[in-house]
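Naming: A, B, ... by sequence-line order, numbering from 1 per chain. Values below: every heavy atom of this structure, side chains too, minus hydrogens, waters and symmetry copies.
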Number of protein chains: 2
Amino acid sequence: MVTIESSIKVRLVKIGELAKLTGCSVQSIRHYEKEKLLATLRRSDGNFRLYDSATVDQLKFIKHCRSLDLSLAEIRQLIALNQQPGMGCEDVNRMIDSHIEQVALRINELQDLQDKLMALRTSCASQSTVKECGILQTLSVSRK
Amino acid sequence: MVTIESSIKVRLVKIGELAKLTGCSVQSIRHYEKEKLLATLRRSDGNFRLYDSATVDQLKFIKHCRSLDLSLAEIRQLIALNQQPGMGCEDVNRMIDSHIEQVALRINELQDLQDKLMALRTSCASQSTVKECGILQTLSVSRK
DNA sequence: CTTAAACTCTATGGTAACTATAGAGTCAAG
DNA sequence: CTTGACTCTATAGTTACCATAGAGTTTAAG
């Protein structure tokens with residue numbers, strides 16, 4: 001009897017190449033492993049991490065999620081859900097919806113902030129001295 | 001000869017009252033002190049921090065700056081500038097301008113993110129299973 | 001075969017602006 | 001004089017990494 005592992009030759013890469021293939025840094029990969037988002041398939045005799053092509057895809061998935069600013073905790077959840085193919089995916093939808101909401105909130109906050117900063121900026125003419133600076137004066141007055 | 005300090009009675013408050021007066025947390029105040037943004041006027045016999053009303057104003061200034069998301073380093077700079085009343089205030093203007101730019105950049109980033117999240121969200125109908133979930137499928141495909 | 005460069009390993013400290021906690025001391029009222 | 005509220009310092013935790021040290025591994029060249 002021959003095991004799949006011994007009969008099929010799989011190309012394994014070290015962490016540096018995995019990093020290049022995915023555009024992640026080596027440290028990120030080790031960090032994802034520590035955070036249980038990514039498993040190391042096996043180690044070389046010298047204890048180097050070795051990965052197969054499935055791992056490359058998993059890491060790309062993680063990277064895609066990160067580019068959408070999903071937290072590592074959320075990504076961990078998505079990976080877990082992904083392993084329950086038969087279940088409903090309402091949880092996935094809920095997560096994304098809530099994320100959209102968070103981002104919308106943050107955009108609004110920043111927009112308010114932007115308005116305040118612009119108003120503040122108009123309070124000082126460039127040629128002024130620190131003593132007369134409208135910005136510093138405004139900042140010294142507490143807001144209602 | 002009588003010093004000003006001994007002849008005029010100043011109302012001094014402890015850190016808890018300073019916190020109430022300004023809406024800052026006690027820990028924040030201690031943190032600002034460690035970061036050299038705020039000095040403690042003096043200590044009680046029992047080593048409690050004591051503050052006067054000028055400190056209340058300084059802390060309000062800091063709080064106002066923080067509400068505009070200025071970093072502690074930037075605030076430290078503003079405080080230093082404030083102590084050079086005769087100098088031009090171009091540096092103040094520059095700082096605020098650069099801050100406005102940063103915020104604008106961040107808003108744009110978040111807006112892009114929002115668009116991507118919305119697109120992602122439409123890829124899954126709520127009644128689907130994990131296996132068929134368009135969101136998970138989309139996330140599994142690396143972006144161009 | 002040996003050596004040197006390039007790579008990898010683990011462990012640790014740093015980032016920003018705090019929050020939360022522990023364990024000890026101080027103060028004010030009853 | 002005791003109890004509760006307050007304060008003190010020091011330390012760990014938050015998030016997603018990056019940077020570094022010091023040691024070991026691999027590989028290509030000589």
Side-chain angles (χ1 to χ4, degrees), chain A residues 11-51 55 59 61-79 95 99 102-103 106 109-110 113, chain B residues 11-51 55 59 61-79 95 99 102-103 106 109-110 113:
Chain A
R11 194 174 99 87
L12 297 178
V13 299
K14 285 183 288 184
I15 199 168
E17 192 168 349
L18 178 61
K20 260 181 212 148
L21 287 171
T22 57
C24 292
S25 74
V26 167
Q27 296 104 308
S28 296
I29 297 170
R30 288 198 277 243
H31 183 63
Y32 295 155
E33 176 178 330
K34 193 178 301 174
E35 295 291 319
K36 315 275 184 201
L37 295 182
L38 203 64
T40 291
L41 188 65
R42 70 164 81 144
R43 299 280 188 137
S44 74
D45 292 346
N47 201 33
F48 284 13
R49 290 172 178 81
L50 297 175
Y51 302 99
T55 311
L59 185 49
F61 174 86
I62 293 172
K63 206 194 172 199
H64 194 170
C65 290
R66 287 295 300 137
S67 80
L68 296 172
D69 231 24
L70 296 175
S71 68
L72 299 194
E74 287 172 318
I75 298 170
R76 198 169 16 237
Q77 244 185 288
L78 285 179
I79 291 171
M95 181 184 299
H99 215 77
Q102 300 303 312
V103 173
R106 186 67 186 139
E109 281 174 15
L110 286 180
L113 184 58
Chain B
R11 194 174 99 88
L12 297 177
V13 299
K14 286 183 288 184
I15 200 168
E17 192 169 347
L18 179 61
K20 261 180 212 149
L21 287 170
T22 57
C24 293
S25 75
V26 167
Q27 297 103 308
S28 296
I29 297 170
R30 288 198 277 242
H31 183 62
Y32 295 155
E33 177 179 329
K34 194 179 300 175
E35 295 292 319
K36 314 275 184 201
L37 295 182
L38 202 64
T40 291
L41 188 66
R42 70 164 81 145
R43 298 280 189 137
S44 74
D45 293 345
N47 200 34
F48 284 12
R49 290 171 178 82
L50 297 175
Y51 303 98
T55 310
L59 185 49
F61 174 86
I62 294 172
K63 206 194 171 200
H64 194 171
C65 291
R66 287 295 299 138
S67 81
L68 297 171
D69 232 23
L70 297 174
S71 69
L72 299 194
E74 287 171 317
I75 299 171
R76 200 169 13 240
Q77 244 184 288
L78 285 180
I79 291 171
M95 182 184 299
H99 216 78
Q102 300 302 312
V103 173
R106 187 66 187 139
E109 281 174 14
L110 286 180
L113 183 58

Checklist line | Pair E109(B) + R106(B): basic N to acidic O under 4.0 Å | finding: yes

Next item on the list: State plainly whether the residues E35(A) and R66(A) are in salt-bridge range, i.e. N to O under 4.0 Å.
Entry: no

Side chain to side chain, [X] and [Y], heavy atoms closer than 4.5 Å:
| X | Y | result |
| --- | --- | --- |
| R43(B) | R49(B) | yes |
| L50(A) | L41(A) | no |
| L78(A) | F61(A) | yes |

Notebook entry, point to check: L70(A) or Y51(B): which one's nearest nucleotide on DNA chain D is closer to the 5' end?
Noted result: Y51(B)

Margin query: Using a 4.0 Å cut-off on heavy atoms, which residues in residues 26-36 of chain B reach DNA chain C? List them by number, or say none.
Written below: Q27(B), S28(B), H31(B), Y32(B)

[X] [atom1] - [N] [atom2] separation (whole Å):
| X | N | atom1 | atom2 | answer |
| --- | --- | --- | --- | --- |
| K14(A) | dG24(D) | NZ | P | 18 Å |
| R76(B) | dA16(C) | CZ | P | 10 Å |
| N47(B) | dT9(D) | CG | C1' | 9 Å |
| D45(B) | dG25(C) | CG | P | 17 Å |
| F48(B) | dC8(D) | CZ | C1' | 7 Å |
| I75(B) | dA16(C) | CD1 | P | 13 Å |
| L18(A) | dC9(C) | CG | P | 11 Å |
| R49(A) | dG24(D) | CZ | C1' | 14 Å |

Next item on the list: Measure from the side chain of I15(B), starting at C-beta and using heavy atoms only, and say which of dC27(C), dA17(C), dC8(D) lies closest.
Entry: dC8(D)

Item checked: For L37(A) against I62(A), the heavy-atom pair lying closest together -> O-CD1, 3.7 Å

Checklist line | Heavy-atom pair of closest approach, residues A19(A) and C24(A) | finding: CB-O, 3.1 Å

Can a side chain N or O of [X] be found less than 4.0 Å away from OP1 or OP2 on [N]?
| X | N | value |
| --- | --- | --- |
| R43(A) | dT25(D) | no |
| S44(A) | dT26(D) | yes |
| S25(B) | dC18(C) | no |

Next item on the list: Name the residue closer to the 5' end of DNA chain C, choosing between S71(B) and G46(B) according to the nucleotide with the nearest heavy atom.
Entry: S71(B)

